[in-house]
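These notes concern the structure reproduced below.
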Amino acid sequence: MKRMTMSNLQIEQFTARTDNFGVLIHDPDANLTASIDAPEEKPILDALGRRGWTLTHIFTTHHHMDHVEANAALKKRFGVEIIGPEDEKAQIPGIDRAVGHGERFKFGNFDVDVIATPGHTAGEISFHIPAAKIAFTGDTLFSLGCGRLFEGTPAMMFKSLQRLVALPGETEIYCGHEYSESNARFALTIDPENSALKERARQITALREAGLPTLPTTLLREMATNPFLRWYDPSIRKNLNMEKASDEAVFAEIRKRKDNF
């Protein structure tokens, strides 16, 4: 469980299922609460109870069951508005509003920007709240990783990650799973001389041994340590024997290696 207040937007992060993260965001002035995805009903209800909040919205990043399983139950219980990706609206249980890339909608006093981030699924989206300097990237961008390409192509995911790295560096990143430890082990095989990565791997090990979450991360931290965002780095290219390859080809090779790691 992690509690923060940013620009008067309150955030509650907690674990769900085996390795999912649940996140609630709350605008106290508007008395609105959104769940970022709905992986499992009980942990969400427990988090709401801890904070004394009533759920009003669900922001869905993509259609996989471990992100939408509790949609129907929460909608029945609270009458929430479910907002999700236009390109996956037929697959999102209970969806009320479909949104696509470049759209902006209001959550209380906050603007929420929609970023198309396909690759993991064909229509996944991420949510960026500029005033709070946070982004919810689902299964697109992870701490030290990116999502497996179940429905998309390397080109799709590469473009999605380019969109995310264009956000301000101080943006805090919340993602859908606790994969940091395994991602760190892989990252060190791609970028073994990166001192920032080695230090981060040590920090992640200490956090996990203490039973603490490794999230949120920041975009700046990811750009310094996440090999999936470092396709341009000369040392990574040398390690891959791809000094003259395109950025997209380097990314695709890193993704391929992770698939077989």
Side-chain angles (χ1 to χ4, degrees), residues 1-4 10-26 32-51 53-85 87-99 107 112 114-115 117-129 134-143 145-148 150-151 172-183 208 211-217:
M1 178 179 65
K2 191 159 188 175
R3 298 180 180 184
M4 285 152 285
Q10 298 172 354
I11 302 176
E12 178 89 358
Q13 179 181 257
F14 51 93
T15 56
R17 303 176 71 90
T18 302
D19 56 28
N20 281 70
F21 276 115
V23 181
L24 299 177
I25 60 174
H26 178 74
L32 297 177
T33 305
S35 178
I36 310 301
D37 290 324
E40 187 180 6
E41 184 182 22
K42 186 179 185 303
I44 293 171
L45 295 178
D46 290 346
L48 290 166
R50 284 193 299 271
R51 299 305 295 264
W53 297 342
T54 299
L55 195 66
T56 57
H57 295 76
I58 296 172
F59 298 167
T60 301
T61 62
H62 65 292
H63 69 82
H64 282 166
M65 184 53 63
D66 61 328
H67 291 257
V68 302
E69 183 181 88
N71 275 22
L74 293 170
K75 188 164 190 174
K76 182 177 180 180
R77 183 183 292 270
F78 295 108
V80 298
E81 180 183 15
I82 299 176
I83 300 171
D87 290 344
E88 297 184 2
K89 61 185 177 184
Q91 300 163 281
I92 307 297
I95 192 168
D96 297 292
R97 181 176 178 183
V99 292
F107 174 71
V112 182
V114 179
I115 305 171
T117 51
H120 180 67
T121 65
E124 179 158 352
I125 58 175
S126 296
F127 299 96
H128 176 222
I129 305 180
I134 53 175
F136 303 99
T137 60
D139 287 3
T140 297
L141 175 62
F142 292 124
S143 167
C146 78
R148 187 179 289 268
F150 287 117
E151 298 176 11
E172 290 210 301
I173 303 295
Y174 290 82
C175 58
H177 294 271
E178 178 59 274
Y179 290 160
S180 297
E181 202 164 19
S182 60
N183 284 345
R208 297 310 294 148
L212 297 173
T214 64
L215 294 174
T217 181

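The basis for the numbers below is simple: all heavy atoms, side chains too, and nothing from hydrogens, waters or symmetry mates.
With sequence neighbours left out, the ring pair (Phe, Tyr, Trp, His ring centres under 6.0 Å) criterion links Phe107 to His57, Phe59. Contacts of His120 classified as ring pair (Phe, Tyr, Trp, His ring centres under 6.0 Å), with partners at least two apart in sequence or in another chain: His62, His64, Phe150. Contacts of Arg17 classified as side-chain hydrogen bond (donor to acceptor under 3.5 Å, both in side chains), with partners at least two apart in sequence or in another chain: Glu69.
Here Ile36 contributes atom CD1 and Ile134 contributes atom CD1; the two are 7.5 Å apart, rounded to the nearest 0.5 Å. Atom OG1 of Thr18 and atom CD of Glu40 lie 8.5 Å apart (nearest 0.5 Å). Separating the OG1 atom in Thr33 from the CD atom in Gln10 is a distance of 8.5 Å, to the nearest 0.5 Å. Phe136 CZ to Leu141 CG: the interatomic distance, rounded to the nearest 0.5 Å, is 13.5 Å. For the atom pair Phe142 CZ and Ile173 CD1, the distance stands at 12.5 Å (nearest 0.5 Å).
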>> As a quick check of understanding, evaluate side chain to side chain contact (heavy atoms under 4.5 Å, CB included) for Ile58 and Asn71, giving each step before the final call.
In response: CA-CA 8 Å; Ile58 296 172; Asn71 275 22; 3.9 Å; yes

> Checking side chain to side chain contact (heavy atoms under 4.5 Å, CB included) for the pair Trp53/Ile25: CA distance, chi angles, key distance, verdict?
Replying inline: CA-CA 10 Å; Trp53 297 342; Ile25 60 174; over 6 Å; no

>> Assess the residue pair Val80 and Thr56 against the criterion (side chain to side chain contact (heavy atoms under 4.5 Å, CB included)); give the C-alpha distance rounded to whole Å, side-chain angles, the decisive distance to 0.1 Å, and a yes or no.
In response: CA-CA 5 Å; Val80 298; Thr56 57; 5.6 Å; no

>> One pair to check against side chain to side chain contact (heavy atoms under 4.5 Å, CB included): Asp37 and Phe21. What are the steps and the verdict?
In response: CA-CA 9 Å; Asp37 290 324; Phe21 276 115; over 6 Å; no

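Remark: the backbone N or O of Asp139 is paired with a side-chain donor or acceptor of Glu124 at under 3.5 angstrom. Proximity of a side-chain donor or acceptor of Asp66 to a complementary backbone N or O of Pro39 within less than 3.5 Å is not detected. A distance-only check finds no donor-acceptor pair linking the side chain of Ser126 to the backbone of Thr117 [under 3.5 Å]. Judged by distance alone, the side chain of Lys75 and the main-chain N or O of Gly94 form a donor-acceptor pair under 3.5 Å.
The minimum heavy-atom distance linking Val99 with Ile125 is given by the pair CG2-CD1, 3.8 Å. The two residues Glu41 and Ala70 make their nearest non-hydrogen contact at N-CB, 3.5 Å. His177 and Leu215 get closest at one heavy-atom pair: O-CD1, 3.9 Å. Among all heavy-atom pairs drawn from Ser35 and Leu55, the shortest one is N-CD1, 3.6 Å. Pairing each heavy atom of Tyr179 with each of Asp19, the nearest pair is CE2-OD2, 3.4 Å. Scanning both residues, His63 and Val68, for their nearest heavy atoms gives O-CG2, 3.6 Å.
Between the side chains of Glu88 and Thr121, at least one donor N or O lies within less than 3.5 Å of an accepting N or O. Side-chain contact check for Ser143 and Thr214: no donor-acceptor pair (N or O, by modelled atom type) lies under 3.5 Å.
The closest side-chain heavy-atom distance from His26 to Arg51 is not below 4.5 Å. Here the side chains of Ile95 and Thr60 are not in contact, with every heavy-atom distance at 4.5 Å or above.
Classification of Lys42 and Asp46 as a salt-bridged pair holds, one side-chain N sitting under 4.0 Å from a carboxylate O.
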